[in-house]
Every structure is written in C-alpha cells, then in structure tokens.
Amino acid sequence: LLYLTFRAGDVVYDAKTFLHISNWNMYAYCLTPKVVDGELTITPREPQLACSTELPERIEWDDDKKDYVPNPFTATVRISNTGTREARNLRARISFTSTKIALSSPQVYEQDVLPRVVNPGQEGSASWDLRTFKLQNVDSMRICFTVTSDNHAPIECCRTLYVNPAQAS
C-alpha cells in the first residue's frame, strides 16, 4: 500500500486539488501497484453538537414538608461535541411555558455553557435551579434548552417533567 499524509491549514470551504503521483519506486514486496490520478478533497473542520437534558423524572408532593421533593430541582443541559473542530462561545437558554415553575438560581434565562469552548470529544453544561408551585391536578411541564455557538447552528433539546398534585392538607 502507498500511504500518503497531507497536512493542510483550516479551510472554510471544500478545497479540491488534482493529485498526480509520478517518478515513484517500490523496493519491497512482489506486487507492482497501479497508480492512477485522482482528486484530493479537504473538507473544513466543523463542530458537531448534540444536547441532552438532566431533570428529575417526576416531582412528588411531600405531605410532611408541605412542599414538593425536590424543590427547587436542578435542570441541566449537556452539550457534546463529536465534530472535528472546537465549538466556540457556547450559550444556553432555558424556556418553559408553564406558569407553575420559576427560576430559582440563577435568575437569568440565558447563561454561558462551561467551558465556553468545547473541543472535539468533550462536553460542556449549564444548570438552573427551578422551583415549582403547588398544583391541584397532575401536570406535565415541557422544559426546553436552546444552545447557540459562534460556529454552529442553534440546537434545541426538550424534556417533559411530570408533577403530582399537592395533597389535600
């Protein structure tokens, strides 16, 4: 086999070049390879981001504490980079339509993902503590995270949280 290694700088678009090998000699093995001309394509390195969520499966009412357990609870988004380039300046935004939950800490809907730069094969995360209010009926609440980056399109992941009603106490 003829194994060639090419080193190229970062490219923004596919870079193509004609490849012609000439004046070569093989000094080992008994086979004579047939070498043909071809085209070499260098594709840009890109981050490939995916997100996942971490939330409690269900929030239960604790009649002794007269509150939900856990309350507040943590909502986390994790972003993994399986691409070939770092993802820069990652930010995460939490959203929910229910008026029965509210931010506890931090008191902002958008925050930096830590670390801000996620290299290939690594991950970052952002977390919020949320508080739920007393419910009379069982309810499901959809919580979504939108992650933006300087060099990747926005991604979104959502999860539904089930909250049991408060007991009649």
Side-chain angles (χ1 to χ4, degrees), residues 1-59 70 72-98 101 103-130 140-163:
L1 285 177
L2 179 63
Y3 183 74
L4 302 173
T5 301
F6 296 91
R7 296 200 189 276
D10 278 335
V11 293
V12 177
Y13 304 104
D14 282 356
K16 296 183 180 201
T17 187
F18 180 72
L19 184 62
H20 175 77
I21 299 173
S22 62
N23 298 326
W24 57 272
N25 290 312
M26 295 284 190
Y27 296 109
Y29 308 107
C30 60
L31 301 175
T32 304
K34 181 178 180 183
V35 178
V36 295
D37 294 340
E39 185 178 74
L40 175 67
T41 302
I42 300 168
T43 55
R45 294 183 318 129
E46 297 178 333
Q48 293 296 320
L49 301 180
C51 64
S52 61
T53 62
E54 292 178 13
L55 292 168
E57 289 296 322
R58 181 176 291 275
I59 304 231
F73 62 92
T74 302
T76 300
V77 61
R78 293 200 183 284
I79 301 90
S80 60
N81 182 359
T82 59
T84 55
R85 171 175 236 144
E86 71 282 350
R88 294 185 307 269
N89 296 323
L90 287 165
R91 304 232 354 120
R93 180 172 186 77
I94 190 170
S95 60
F96 42 86
T97 56
S98 176
I101 53 177
L103 295 174
S104 180
S105 174
Q107 290 283 316
V108 294
Y109 288 94
E110 189 170 312
Q111 62 175 301
D112 293 342
V113 170
L114 297 176
R116 292 279 315 265
V117 175
V118 177
N119 291 314
Q122 295 182 337
E123 70 175 29
S125 65
S127 295
W128 288 262
D129 286 337
L130 305 175
S140 63
M141 302 171 186
R142 190 151 174 84
I143 299 173
C144 293
F145 302 92
T146 303
V147 178
T148 58
S149 169
D150 285 355
N151 58 339
H152 192 279
I155 59 171
E156 182 179 73
C157 54
C158 299
R159 184 115 162 251
T160 301
L161 173 68
Y162 297 96
V163 181

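Only heavy atoms go into these numbers, but all of them, side chains included; no hydrogens, no water, no symmetry mates.
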Does any N or O in the side chain of [X] come within less than 3.5 Å of the main-chain N or O of [Y], such that one atom is a donor and the other an acceptor?
X    : Y    : answer
S140 : Y162 : no
W128 : V108 : yes
N81  : Q48  : yes
D129 : P72  : no
T84  : E46  : yes
Q111 : S127 : yes

Distance from [X] atom [atom1] to [Y] atom [atom2], nearest 0.5 Å?
X    : Y    : atom1 : atom2 : result
I79  : S52  : CD1   : OG    : 8.0 Å
L130 : I94  : CG    : CD1   : 4.5 Å
S95  : R142 : OG    : CZ    : 9.5 Å
N151 : E86  : CG    : CD    : 6.5 Å
Y109 : L103 : OH    : CG    : 4.5 Å
R78  : E123 : CZ    : CD    : 5.5 Å

(message) Using the side-chain hydrogen bond (donor to acceptor under 3.5 Å, both in side chains) definition, which of the options D150, T148, D112 pairs with N89?
(response)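 One option only clears the test, and that one is D150.
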(request) Determine whether more than 12 heavy atoms belonging to other residues, nucleotides or ligands lie under 6.0 Å from atom OH of Y13. (result)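 At most 12 heavy atoms, drawn from other residues, nucleotides or ligands, come within 6.0 Å of this atom.
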(message) Applying side chain to side chain contact (heavy atoms under 4.5 Å, CB included) to I143 and R159, what does each step give before you reach the verdict?
(response) CA-CA 5 Å; I143 299 173; R159 184 115 162 251; 5.7 Å; no
(message) Quick check on side-chain contact (heavy atoms from CB on, under 4.5 Å): which of C157, C144, S125 does V77 satisfy it with?
(response)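 For V77, the side-chain contact (heavy atoms from CB on, under 4.5 Å) test succeeds with only one of C157, C144, S125, which is C157.
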